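Note sheet for the following structure.
Values in this document were obtained by computation on a predicted structure and should not be read as measured data. In each ligand, atom 1 is the first atom listed, and ligand 1 is the first ligand listed.
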Amino acid sequence: MSSIGLADFKAMWATHRQAFLDAADRVGKSGWLVLGSEVESFERELAAYWRLPFAVGVASGLDALEIAFRCEGMKPGDRVLTTPLSAFATTLAIVRVGAIPVFVDVDESGLMDLGAAERAVSSGPVPKFVVPVHLFGHAMNLASLSDFAGRHQLTVIEDCAQAIGAKSNGQPVGTASRVCATSFYPTKNLGALGDGGALLTSDETIAKHARSLRDYGQSEKYLHVEMGLNSRLDELQAALLRSVQLPMLGAQTERRLAIADRYLRELNADIVRCLPVPGSSQSVWHLFPVTTPSRDALKAHLKKADIHAAVHYPTLIPDQPAMKQVVHEVSGKLTNANRLATNELSLPIHPWLSDDDVSRVIAAVNSFEGQS
Ligand SMILES: *Cc1c(COP(=O)(O)O)cnc(C)c1O
């Protein structure tokens with residue numbers, strides 16, 4: 001019996017080895033290794049996939065967020081509504097700009113609760129930005145998000161690192177913002193064989209600004225108009241992404257949906273619940289979160305069957321030790337977020353799982369009877 005994990009990079013390599021090697025060979029032969037035709041082509045193809053005019057490749061999802069924030073004029077001291085339940089990078093990018101994260105609770109799906117955000121706006125100092133996360137591959141309700149942001153003159157920047165291809169009532173995630181950010185960290189739905197990220201935008205000025213910021217803030221070679229980053233996407237990663245990973249993304253997303261569908265229909269343990277999906281979301285199931293009061297026992301139970309589940313996330317961002325060093329605010333009680341930090345477990349849902357693997361996960365979860 002083989003081990004079932006949250007990703008399977010060996011299966012990915014075994015299946016696509018030759019295509020990866022061909023792409024690498026193309027880059028090697030070209031003699032051009034950073035910011036060249038592979039990055040340009042990948043940006044065009046990714047933008048087409050997303051049905052937006054511009055994509056800008058960068059070194060990571062974290063950098064994509066920071067650059068997006070700077071393109072939208074986020075400044076030191078600005079208040080930014082965001083979620084306590086995310087990868088740490090969402091907050092880290094806000095802090096790197098010098099802005100102040102203001103954490104509001106999530107709803108029962110784990111996405112930013114706009115009711116809590118509304119209370120934060122009416123009770124605290126006025127924020128300028130809202131940075132929601134389309135967590136687990138679920139799309140937040142974009143119409144509600146735009147309405148909320150519009151009423152309070154907040155600039156929206158969506159973190160789409162877990163939700164490439166997800167839609168809210170047919171509208172792609174990322175389009176409630178002028179610029180959004182995504183990640184190509186290997187475990188993400190569109191993963192590189194290393195680090196990478198991108199900004200997506202319909203605004204040519206923002207795209208141009210982002211291209212300058214990722215490359216030391218140059219407006220032309222050796223002319224530095226502002227303090228930028230070194231956040232360039234390698235030709236090699238761009239080539240692997242565009243030749244192998246991006247063309248497969250549609251089929252792999254379908255596979256994730258089919259697995260999620262089986263989990264939703266067949267999981268039936270009394271004390272394990274699937275997290276509710278927002279009714280407006282066409283999800284891409286980056287993760288498959290369940291909740292149970294005996295989370296650690298369920299994780300151990302699965303491990304005995306050689307199934308490796310993971311917690312997203314065990315510690316809320318404002319409770320991280322590093323947050324003691326920076327100015328931040330918590331608005332209201334983080335009741336739902338705290339409950340998820342205690343109860344949530346993510347089941348394997350990657351596209352390399354066979355039908356038998358999925359059956360094994362279902363059988364293992366269904367045989368769980370609680371604290372042992
Ligand atoms: C992965 C992730 C990021 C950061 O991406 P990196 O490429 O690892 O820097 C940001 N936000 C969310 C929600 C993520 O899942």
Side-chain angles (χ1 to χ4, degrees), residues 6-7 9 42 46 55-70 80-97 99 101 103-104 106 109-112 129-140 145 156-166 173-174 176-177 179-200 210 213-214 229-234 237-238 240-241 245 256 275 281 283-289 310-318 320 322 337 340-341 344 346 349-350:
L6 285 171
F9 300 127
F42 171 63
L46 179 69
V56 180
V58 295
S60 69
L62 170 66
D63 286 358
L65 285 164
E66 177 181 342
I67 292 171
F69 297 163
R70 289 181 58 180
V80 185
L81 297 177
T82 192
T83 166
L85 189 74
S86 180
F88 191 67
T90 311
T91 290
L92 183 52
I94 296 169
V95 171
R96 283 207 327 200
V97 177
F103 297 100
V104 300
V106 297
S109 301
L111 306 173
M112 182 185 278
F129 294 86
V130 54
V131 177
V133 177
H134 299 290
L135 198 69
F136 303 134
H138 301 322
M140 266 189 82
L145 174 63
V156 183
I157 298 147
E158 292 161 76
D159 180 340
C160 300
Q162 299 191 0
I164 184 166
V173 293
S177 330
V179 55
C180 72
T182 196
S183 163
F184 309 126
Y185 184 74
T187 56
K188 301 290 156 79
N189 287 25
L190 178 62
L193 274 71
D195 277 305
L199 301 87
L200 279 294
L213 281 172
R214 76 175 169 187
L229 294 74
N230 173 353
S231 186
R232 300 173 296 231
L233 183 63
D234 292 342
Q237 295 301 345
L240 302 174
L241 282 163
Q245 306 291 63
R256 288 174 185 272
L275 218 59
S281 172
S283 301
V284 293
W285 294 101
H286 174 58
L287 297 165
F288 192 91
V311 175
H312 296 96
Y313 293 87
T315 305
L316 296 186
I317 293 172
Q320 292 288 351
L340 286 169
E344 190 273 350
S346 302
I349 192 168
H350 61 79

Heavy-atom nearest pair, Met112 first then Val131, reads CE-O, 3.9 Å

Where ligand 1 meets Thr90 - atom numbers and elements under 4.0 angstrom, heavy-atom basis: 11 (N)

Can we say Arg96 and Asp63 salt-bridge, meaning some charged N sits less than 4.0 Å from an Asp/Glu carboxylate O? yes

Report the nearest protein non-hydrogen atom to atom 2 (C) of ligand 1: residue, atom name, distance rounded to 0.1 Å. Lys188 NZ, 2.5 Å

Which ligand 1 atoms are under 4.0 Å away from a heavy-atom of Val133? 13 (C)

Atoms of ligand 1 close to Gly61 [distance to a heavy atom under 4.0 angstrom, numbered from 1]: 5 (O), 6 (P), 7 (O), 9 (O)

By side chain to side chain donor-acceptor pair (under 3.5 Å) - contacts of Thr91 (at least two apart): none

Would you say Gly197 touches ligand 1, if touching means a heavy atom closer than 4.0 Å? no

Under 4.0 Å from any heavy atom of Ala161, which atoms of ligand 1 are there? 2 (C), 3 (C), 10 (C), 11 (N), 12 (C), 14 (C), 15 (O)

Atoms of ligand 1 close to Ser86 [distance to a heavy atom under 4.0 angstrom, numbered from 1]: 13 (C)

Check ligand 1 against Ala89 and write out every atom of the ligand that is under 4.0 Å from a heavy-atom position of the residue. 3 (C), 4 (C), 10 (C)

I'd like to know if the side chain of Ser109 and the backbone of Leu111 have a donor-acceptor N/O pair within less than 3.5 Å. no

Pull out every atom of ligand 1 sitting under 4.0 Å from any heavy atom of Leu62, numbered as shown with elements. 4 (C), 5 (O), 6 (P), 9 (O)

Can an N or O of Asp159 be found at a distance shorter than 3.5 Å from an N or O of ligand 1? yes

Under a 4.0 Å heavy-atom limit, does Ser60 contact ligand 1 with its side chain, its backbone, both, or neither? both

Any residue meeting salt bridge (Lys or Arg N to Asp or Glu O under 4.0 Å) with Arg232, in chain and number order, not counting sequence neighbours: Asp215

Under 4.0 Å to a heavy atom of Ser183 - the qualifying atoms of ligand 1, by number: 5 (O), 6 (P), 7 (O)

